[in-house]
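The structure appears right after this line, and notes come after that.
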Amino acid sequence: MTKELLDKASKAYFEGSPFLSDQEFDALAKKEDYERVGYNPDTKIKHLFPLYSLQKVFEGEDTPPDYATKVIETPKLDGAAIALQYKNGKLFKVISRGDGIAGVDITDKFIFSDLVPKKLHSPYTPEYTQITGEIVAPKTIPNARNYAAGALNLKDINEFRKRDLTFISYSIEPSISTSYSIDMGFLGYAGFNVVTKGSWEEFPEDGKVIRVDSNLEYDRLGYTSHHPRGAYALKTREEGIETTLLDVVWQTGKSGKVTPVAILDPIEIDDAIISRATLNNIAYIKSLNLEIGCRVKVIRAGKIIPRVIERVS
């Protein structure tokens, strides 16, 4: 039951309409030892190079890899990953992340926009080049991650062009030098926003990315079936505040959707008194094995929305 819920949540996340917060997803994934990332789109276009996920390392819980070489730290931007494919230096295809092996063709949204450069002006560009990065929206926009990811599913190109979106690159394959820093410098010279060139604090972040700078060392370390060994995502887990689940009621939203809401023994989180929290759906309630009177942990996702993330044993 829980793994099916996580499969659905993973698909919804990459389609830009998540129903679980990152904290809820991580809590359930840890409980079920769930490692699948992404989903298989209906219409697949293969990436030139796989889009691997990053191993999550939680501060205070996990032991991070010990690299005996220089590392680069960058923000882990919270948007929607896409891959740009260039042939002989000219943009010819843009693909959504999908399951990391193949995604959906979204070229039509970019070919007439100025979000990404259409040409790579360099004598060192190979016949085929893949540049990967994140489509993000300012965190001043409510649900900025959903706003950015959802834009990739828009049918109306004009509506897409009206969205306040930015593309920030963080990878070029094949690499053009022995150093990740130099590769990122090339992308900056080519006209891209680059994750190493700025703090990007105006956009949502979900931790930090730690990567070895040497491309030779990165390749030598290799990959697991899911992650590169030469990089990882450093995250801080929100512990949540413990309280008692007093009741569950059902509410109807503006769209007509009916969802369960937890009634809680009031607690204070971030200077706010919390007595209600979302429970998403009945499958989520069952996955946490919630019962009236049990003890639960609650967070404010994004410092805004109260959510129950786990039952306390």
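Predicted model only: the values in this text are computed from it and were never measured. All residue numbers refer to positions in the sequence shown, counting from 1.
Counting only distance, with no hydrogens or angles, the side chain of H226 and the backbone of S53 share no donor-acceptor pair below 3.5 Å. Not a single donor-acceptor pair under 3.5 Å links the side chain of K286 to the backbone N or O of N281. Although no hydrogens or angles enter the test, the distance criterion places no donor-acceptor pair under 3.5 Å between the side chain of E173 and the main chain of F49.
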Original post:
Would V136 and W200 count as a side chain to side chain contact (heavy atoms under 4.5 Å, CB included) if you check the C-alpha gap in whole Å, the side-chain angles of each, and the deciding distance to 0.1 Å?
Top reply: CA-CA 10 Å; V136 291; W200 307 112; over 6 Å; no
Original post:
Between I157 and F112, does a side chain to side chain contact (heavy atoms under 4.5 Å, CB included) hold up when you go through it step by step?
Top reply: CA-CA 9 Å; I157 303 301; F112 296 113; over 6 Å; no
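One distance of note links CZ of R220 with OG1 of T69; it measures 9.5 Å at 0.5 Å rounding. Here the NZ-CG distance, from K197 to N193, works out to 12.5 Å after rounding to the nearest 0.5 Å. Going from atom CD1 of I305 over to atom CD1 of I274 covers 11.0 Å, rounded to the nearest 0.5 Å. Interatomic distance, CG of L152 versus CZ of F160, reported as 6.0 Å (0.5 Å rounding). The structure places OG1 of T74 at 10.5 Å from CD1 of I168, a figure rounded to the nearest 0.5 Å. With values rounded to the nearest 0.5 angstrom, I101 atom CD1 is found 8.0 Å from H47 atom NE2.
Contact of the I241 side chain with the K297 side chain is not registered, since no non-hydrogen atoms from C-beta on lie closer than 4.5 Å. With contacts defined as side-chain heavy-atom distances shorter than 4.5 Å, the pair K139/P204 qualifies. The closest side-chain heavy-atom distance from T259 to N280 is not below 4.5 Å. Side-chain contact between K235 and D62 is absent, with no heavy atoms from C-beta onward closer than 4.5 Å. Side-chain contact between T166 and F203 is present, with at least one heavy-atom pair separated by less than 4.5 Å. Side-chain contact between H227 and Y232 is absent, with no heavy atoms from C-beta onward closer than 4.5 Å. Residues I299 and I269 have side chains not in contact (no heavy-atom distance under 4.5 Å, counting atoms from C-beta outward). Between K76 and L234, the closest side-chain pair of non-hydrogen atoms is not below 4.5 Å.
Among all heavy-atom pairs drawn from L154 and E159, the shortest one is CD1-CG, 3.8 Å. The nearest pair of heavy atoms linking Y67 to G230 is OH-C, 3.3 Å.
By the criterion of side-chain heavy atoms lying less than 4.5 angstrom apart, applied directly or through intervening Ile, Leu, Val, Met, Phe, Trp or Tyr residues, V248 is grouped together with I282 in one hydrophobic cluster. F192 and I111 fall within a single hydrophobic cluster, where Ile, Leu, Val, Met, Phe, Trp and Tyr are joined by side-chain heavy atoms under 4.5 Å apart, directly or via other members. Using a 4.5 Å cut-off between side-chain heavy atoms of Ile, Leu, Val, Met, Phe, Trp and Tyr, with links allowed through other members, L115 and L120 fall into the same hydrophobic cluster.
For D156, the CG atom sits in a packed shell: over 12 heavy atoms of surrounding residues, nucleotides or ligands are nearer than 6.0 Å.
When each of L264, L279, T244 is checked for a side-chain contact (heavy atoms from CB on, under 4.5 Å) with V296, only L264 meets the rule.
Annotation for V209: hydrophobic cluster partners, listed by chain and number, are L54 (ILVMFWY side-chain heavy atoms under 4.5 Å, direct or chained). In this structure, L216 stands alone, with no Ile, Leu, Val, Met, Phe, Trp or Tyr side-chain heavy atom under 4.5 Å from its own, directly or through other members. Grouping Ile, Leu, Val, Met, Phe, Trp and Tyr residues whose side-chain heavy atoms lie under 4.5 Å apart, directly or via other members, leaves I273 alone, with no other cluster members.
Applying the side-chain contact (heavy atoms from CB on, under 4.5 Å) rule to R276 yields the partners V249, Q251, V261, I263; only residues at least two apart in sequence or on another chain are considered. Residues that satisfy the side-chain hydrogen bond (donor to acceptor under 3.5 Å, both in side chains) test with R161, not counting sequence neighbours, are absent from this structure. Listed by chain and residue number, T236 satisfy the side-chain hydrogen bond (donor to acceptor under 3.5 Å, both in side chains) test with E59 (two or more places apart in sequence, or in another chain). Residues that satisfy the side-chain hydrogen bond (donor to acceptor under 3.5 Å, both in side chains) test with E205, not counting sequence neighbours, are absent from this structure. Evaluation of the side-chain contact (heavy atoms from CB on, under 4.5 Å) rule for A137 yields I141, A144, Y147, A148, L165 as partners, not counting sequence neighbours. Residues passing the salt bridge (charged side-chain N to carboxylate O under 4.0 Å, His left out) test with R311 are E291, sequence neighbours excluded. Residues passing the side-chain hydrogen bond (donor to acceptor under 3.5 Å, both in side chains) test with T107, sequence neighbours excluded: D105.
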Only distances under 3.5 Å count here; give the side-chain donor-acceptor pairs of residues 79-95 to other protein atoms, sequence neighbours excluded, each with its distance to 0.1 Å.
residue, atom, partner, partner atom, Å
Q85, NE2, K46, O, 3.3
Y86, OH, P117, O, 2.6

Only pairs under 3.5 Å count here: list side-chain donor-acceptor contacts from residues 177-189, not counting sequence neighbours, and write none if there are none.
residue, atom, partner, partner atom, Å
S177, OG, S179, N, 3.1
S177, OG, S179, O, 2.9
S177, OG, D183, OD1, 3.0
S179, OG, S181, N, 3.1
S179, OG, I182, N, 3.3
S179, OG, D213, OD1, 3.4
S179, OG, D213, OD2, 3.2
Y180, OH, Y170, O, 2.8
S181, OG, D213, OD1, 2.7
D183, OD1, I176, N, 3.2
D183, OD1, S177, N, 3.1
D183, OD2, N215, ND2, 3.0

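Taking the six-membered ring where tryptophan is involved, the planes of Y52 and Y223 are essentially parallel, since the angle between them stays under 30° and well short of 60°.
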